[in-house]
Amino acid sequence: MDYLNELNEVQRQAVTHIDGPVMVIAGPGSGKTRVLTYRIAYLIDSGIPPWQILSLTFTNKAAKEMKERIEGVVGRKAQYIWAGTFHSIFARILRVEAEKIGYSSNFTIYDTDDTKSLIASIIKEMELDRNAYNVGAVRTRISSAKSNVISPIVYAKSPELMEQDRQNRMPMLHKIYEKYVARCHRAGAMDFDDLLYQLFKLLYLNKDNVRQKYQQQFQYILVDEFQDTNYLQYSILKLLTDYEGSSRNICVVGDDAQSIYAFRGATLQNIFDYQEDYPELSVYKLEQNYRSTQFIVKAANKIITHNKKQITKDLWTEHDGGQKIQVIKAMSDTEEGRRVADTIVEYKNRHNLPSHEIAILYRTNAQSRVFEEYLRRYNIPYRIFGGLSFYQRKEVKDMIAYLRLAINPNDDEAFRRVINYPKRGIGQSSFDAIANLANTQEISYWEAMQRIELGARTATALKDFARIVLEANRMTASHNAYEVTAHLSKTSGIMGHLKAENSIEGLARLENVNALLDGVQEFVENDEVIEGQDVQDKSLAAYLQQISLLTDMDEDTKQTEYVSLMSVHAAKGLEFRAVFVVGLEENLFPSFMSLSSPEQIEEERRLFYVAVTRAKEMLTLSFANSRYQFGQMRFNDPSRFLDELDEEVLDAGTTGRGQQQGFPEPKVLGGLLPKPPKPAFTPKIDPASFKAADPNEIQAGMKVLHLKFGEGEVQRVDGERDKRVATIVFPQVDNPERRIMLKFAKLQIL
DNA sequence: GGGGGCTATGGGGGG
DNA sequence: CATAGCCCCC
C-alpha cells in the first residue's frame, strides 16, 4: 500500500475511512480522482471482493480512467469492479431484470431525438395547440417529473404541477406524459431517464426480492460528482444503502461550487439530505489545489465569493507566481477568433506547448465556428468535442434504426424513421393508417402493420419491409453484429440509395455509413479486454447497447496532438496547461436564458468557476464587442464575471485600452511548431502472409505477432477455455501491456 | 405517393 | 441562420 504515501493527510483519511457513510468535498484540482482510485484500491487490499464495489460516475470517460488507474494499482482484479456511469450500470442491471418490470430484455434505448419525435406525434394526435405545447418544453417537463420520481398518476394528482401547467398554457401535459409512458412501453423502449426511473421501480417494487439481491451485491458504493445527482439518483442510492441492517458503506465525492447541471434535475439538496439521512457520516474537505498556479486559484476563490449559496471552502496552492490572467478585448467575434489563434501560436512557440495541452472553452457549441476557421488557417490541428456527434448524423441514424428494428421490431421510433426510407412507396397516408390502428389497439406500429389491410401495392411494399426486418432479426441469433449490419446495409437499400445519389453530399453520407460499418467491425474483431464490457458478447444487441450510451466526450483528449474545442460543461473534470475561456459577454456567458433568475446566475457563475479552474498555467479570458448571434449582429457588454475579478490577478498589459492589436499573423508555421504529431503505430504486416494460430496454442513466454499491435511477448495466460485472456507486452505501442481475449485473437506464433 | 420550394419559428448546457 | 412543416403540383 505504498500509494498511501502519495496522499496528503486529509486525502489519506478519506481513502482509509472505509466503514460507514463518508462525504468528500473536493475542490477543483484537489486530487479527487486520486482519492477515489486509491480508496477502491484500498478496499480491495483490505480484502473486499471487487464485485461488491459499485463505483458510479457521470461520463464513460471518468469511469474508464478510474478503472485503468485502479488496475495500475491492484492489477487485473480491477475488472470485476462494477464501475461505470449511472446510465450504463443501470442499463446492465435492467437487461437482466427487465421482465420483473414488464419489459423484454432487448428493450431499445430512446435518445432525445426519439423522445422528441414521439412527443411531437402525441401532441399532434391529441390535436393540441402547437404554439402552446412546445415539444422541447414538454420533454423537459416529463424528464424533470421522472427525475423527481413523479409518475403520471402522481403528476395528475399534484395541485402544484397542474396549476403550473395551466399557467404555462399546457393543461394537458399530464395526459401527454401518461400517453408517452404507455407508448414507450408498447415499443419496448426506455429513454435516458427511464434507465434510472425503471431501476428505481425495480428496486422499489421488489419483485422476487430483487432489491435485497442488489443490496447484498453492492456492499461498498462510491459516487463521483455527487453535486450533479438528481433526486431520483439519490433515491436509488438510498434504496441500496439505507435499510435495516445495512453497513451503510457509501462514499460520495463532490463539490457544491461545481454544480452545473441543475437544468437536468441535479440538486444540491442531495448534499444536505445526505447529511441528514446519514447523520453518522464523516466529512473530509480537500482544499489544497495541485493543478493551478497562484493567480488562477486566487481568481477562482474570488469568483465563488459572489455566490450566496455555497459550502465555505478555501482553495489554496503551493504553486507561487505563475503567469497572470490575460484578457483579450476584441471588436468582433472574428477578431476574437483570430487573436485567440494568434495567442495559441505564440504559446506554442514561446513555451513549446503541445496542442493537447491547449483548450478553447465556450458557453455554447455554436461559438466553435470562428475558432475552427482560424485554427485551420494557421494550420493548427484541432478537435471539436460535443455538438453533433457521429451517431446523430442522419444517414448514421437511419442505418442504426434498421439495426434497432432487427433487435426490437416494436421500436416505434425506428419504425417511423425507416418505414419509407429509402422510398418504397409507403407514403404518409399509409403510415397514418398504421399509426391509427396501433393507437386504437394499443399495439406497436410493427404489429399494426401485420394486421392492417391496405391496397395491393402498399401491402406488397409492407411485406417487403417486414421481410427485411425479420430476416435480419433471425440472423441476430446466429450472426455477430458486423454480419447483420453488413447484410442490412444492403437489404435495407440504404447503400444503394446513397450510391445512386451521385452527389458530393451523397458520397460523404456513404462514407459515414461505411465508417459505421467499420466501427461495428472493430467492435466485433476487437480482441482486447475492455473493462466494464462483456467481451464475449459480439452480438448486435451488445453493440447497440454500447453505442446508445456513448457520447463523443468519451474519446481521449490527450492521445493525439489536437487543440481541444468544447463547451465548459464538457470540460468538467479535464485540465490543460493553457485554457481560453471565450465569449465572456452579457447574454452569452451568463446566458440570456438565465438573466432573470438569481439562482440561474449563480449556476452560470459556478460554470465560470469550472472553466477557470481547468487551467494549470495559462488562462486567457476573451470577449467581443459585437458578434453574430441568431443571424444578426449583436452588441453585448463585457460579462459581469470579468468585473468580479480582482485587478491584481489580471495582466495589466492586456487590460489596457491600447492593447487591442493582435500578434502579427504568422506566415509559415510549419517550421516553428514543435515536432509533428506522432503517427499512430501500425505494424507492417502483409495480411496474406499472416497466419493466425489456434488460440489454444498460445502460452506464456511465446513471441507472437498481432495484426494491430505488432510483435509482442506473452506474459501470462489466465482463465479457461473460451475465457482465456493473454497478457501480452507489445513494445512498439503506447500502452505496451495489453490483455487479449484469446477466443477472438488473431495471433501468429513467431 | 413523391418532390420542390416557400414560410414560420426558434435559438443552452447533456446522458 | 437552420430546420421543420406546409402547400402545391406532377
Side-chain angles (χ1 to χ4, degrees), chain A residues 56-63 84-91 109-117 120-121 123-124 130-131 134-137 139-140 143 146-147 190-197 225 228-230 232-233 259-266 361-367 369 385-389 391-392 394 419-433 454-455 457-458 461 547-554 566-573 583 587-595 600 603-604 606-608 610-611 627-634:
Chain A
L56 297 167
T57 56
F58 275 82
T59 62
N60 293 307
K61 194 168 129 206
T85 61
F86 279 92
H87 291 86
S88 69
I89 296 274
F90 292 177
I109 298 173
Y110 273 176
D111 67 15
T112 310
D113 288 339
D114 297 318
T115 296
K116 279 185 164 173
S117 98
S121 58
I123 291 175
K124 209 169 174 182
R130 283 182 307 139
N131 298 318
N134 172 295
V135 174
R139 192 200 72 88
T140 310
S143 170
K146 286 189 185 170
S147 303
M190 296 196 196
D191 64 20
F192 287 134
D193 298 309
D194 277 329
L195 295 178
L196 315 179
Y197 188 80
E225 309 280 14
D228 290 332
T229 53
N230 59 35
L232 173 56
Q233 285 162 318
S259 156
I260 55 175
Y261 282 104
F263 71 89
R264 64 175 200 217
L361 310 182
Y362 33 76
R363 178 65 181 80
T364 66
N365 286 312
Q367 287 166 258
R369 209 194 213 128
F385 293 83
L388 201 65
S389 89
Y391 297 103
Q392 288 175 304
K394 185 193 171 298
I419 174 70
N420 197 31
Y421 180 85
K423 300 252 176 315
R424 51 174 68 87
I426 306 166
Q428 195 59 48
S429 55
S430 300
F431 175 74
D432 286 346
L454 290 165
R457 231 153 112 180
T458 318
I547 62 160
S548 59
L549 296 174
L550 208 72
T551 69
D552 67 353
M553 287 307 142
D554 297 324
M566 63 182 89
S567 70
V568 183
H569 281 94
K572 184 146 92 157
N587 299 316
L588 184 59
F589 198 173
S591 159
F592 65 98
M593 306 280 282
S594 53
L595 294 179
Q600 288 193 56
E603 175 144 323
E604 296 279 318
R606 291 193 293 270
L607 196 56
F608 183 50
V610 168
R627 76 169 57 241
Y628 272 96
Q629 225 175 341
F630 309 136
Q632 51 180 313
M633 179 82 91
R634 300 272 183 130

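Note: hydrogens, waters and symmetry copies are ignored here, and every other heavy atom, side chains too, is used.
- For B/dG13, the base has no donor-acceptor partner in the side chain of A/R606 [N/O atoms by modelled type, under 3.5 angstrom].
- Rounded to a whole Å, the CG atom of A/L607 is 10 Å from the P atom of B/dG14.
- Counting non-hydrogen atoms under 4.0 angstrom, A/Q428 reaches the backbone sugars and phosphates but no base.
- Donor-acceptor pairing under 3.5 Å, judged by distance alone, is absent between the side chain of A/Q233 and the base of B/dG15.
- Residue order along DNA chain B, read from the 5' end via each residue's closest nucleotide, puts A/I426 first among A/I426 and A/F592.
- For the atom pair OG (A/S548) and CG (A/L195), the distance works out to 7.5 Å, reported to the nearest 0.5 Å.
- Both tests hold for A/K394 against A/Y421: distance to the six-membered ring centre under 6.0 Å, angle to the ring axis within 45°.
- Between A/N60 and the phosphate of B/dG15, there is no side-chain N or O to OP1/OP2 separation shorter than 4.0 Å.
- Between A/F58 and A/D228 the shortest heavy-atom distance is CZ-O, 3.2 Å.
- For the pair A/F385 CZ and B/dG13 P, the computed distance is 17 Å after rounding to whole Å.
- For a distance-only test at 3.5 Å, the side chain of A/R363 qualifies as a donor-acceptor partner of the base of B/dG12.
- Comparing B/dG15, B/dG3, B/dG14 against the side chain of A/H569 picks out B/dG14 as the nearest.
- A/S147 and A/R264 make their closest contact through OG-O, 4.3 Å (heavy atoms, listed as atom of the first residue, atom of the second, distance).
- Scanning all heavy atoms of the two residues, the minimum distance from A/L361 to A/A611 falls at CD1-O, 4.0 Å.
- Ring geometry for A/F86 versus A/F90: interplanar angle over 60°, hence perpendicular rather than tilted (30 to 60°).
- Taking side-chain N and O atoms only, A/T59 has no distance below 4.0 Å to OP1 or OP2 of B/dG15.
- Of all nucleotides listed (B/dG2, B/dG15, B/dG1), B/dG2 comes nearest to the side chain of A/N420.
- Contact annotation for A/T85: no contact, since no heavy-atom pair falls under 4.0 Å across all strands.
- Both A/S143 and A/R634 sit near DNA chain B, but only A/R634 has its closest nucleotide nearer the 5' end.
- Look at A/Y261 and the base of B/dG13; the rings do not stack under the cut-offs of 5.5 Å between centres and 30° between planes.
- A/I260 places its CD1 atom 13 Å from the C1' atom of B/dG15, with the value rounded to the nearest Å.
- When each of B/dG12, B/dG15, B/dG14 is scored by its nearest atom to the side-chain atoms of A/F192, the top-ranked nucleotide is B/dG15.
- In this structure, the CE atom of A/M593 is 10 Å from the P atom of B/dG13, given to the nearest Å.
- Nearest heavy-atom pair across A/Q629 and A/N587 is NE2-O, 3.9 Å.
- With a 6.0 Å radius and a threshold of 12 heavy atoms from other residues, nucleotides or ligands, A/F431 has its CZ atom above the threshold.
- In this structure, A/E225 atom CD and B/dG15 atom C1' are separated by 13 Å, rounded to whole Å.
- Nearest heavy atom pair, residue A/N60 against residue A/L549, reads ND2-O, 3.0 Å.
- Listed candidates were B/dG14, B/dG15, B/dG1. Nearest to the side chain of A/T112 is B/dG15.
- To the nearest angstrom, C1' of B/dG13 lies 12 Å from CZ of A/R139.
- The nucleotide whose nearest atom lies closest to any side-chain atom of A/S429 is, among B/dG13, B/dG14, B/dG1, B/dG1.
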Show the numbers, then the answer: is there a side-chain hydrogen bond (donor to acceptor under 3.5 Å, both in side chains) between A/T85 and A/S88?
CA-CA 5 Å; A/T85 61; A/S88 69; 2.9 Å; yes

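- Within 4.0 Å (heavy atoms only), A/Q367 reaches no atom of the nucleic acid at all.
- Rounding to the nearest 0.5 angstrom, the gap separating the OH atom in A/Y110 from the CG atom in A/D194 is 11.0 Å.
- Between A/F431 atom CZ and B/dG1 atom P the separation is 13 Å, expressed in whole Å.
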What pattern of brackets, bars and dots sums up DNA chain B from 5' to 3', given Watson-Crick or G-U wobble pairs under 3.5 Å, [ ] for crossing pairs and | for another strand?
||||||||||.....

Each nucleotide in nucleotides 1-10 of chain C should get exactly one letter: B, S or -. Can you fill that in based on protein heavy atoms under 4.0 Å?
SS--S-----

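- The base of B/dG15 lies close enough to the side chain of A/D193 for a donor and an acceptor atom to sit less than 3.5 Å apart.
- For B/dG15, the OP1/OP2 oxygens have no side-chain nitrogen or oxygen of A/N230 closer than 4.0 Å.
- Closest to the side chain of A/H87, from the set B/dG12, B/dG15, B/dG13, is B/dG15.
- For the pair A/K116 NZ and B/dG15 P, the interatomic distance rounds to 15 Å; values are reported in whole Å.
- Residue contacts shown for A/S430 are limited to sugar-phosphate atoms, with no base heavy atom under 4.0 Å away.
- Picking from B/dG12, B/dG15, B/dG3 the nucleotide with the shortest atom distance to the side chain of A/S594 gives B/dG12.
- Taking all atoms of both residues into account, the shortest heavy-atom contact from A/G583 to A/Q367 is CA-NE2, 3.7 Å.
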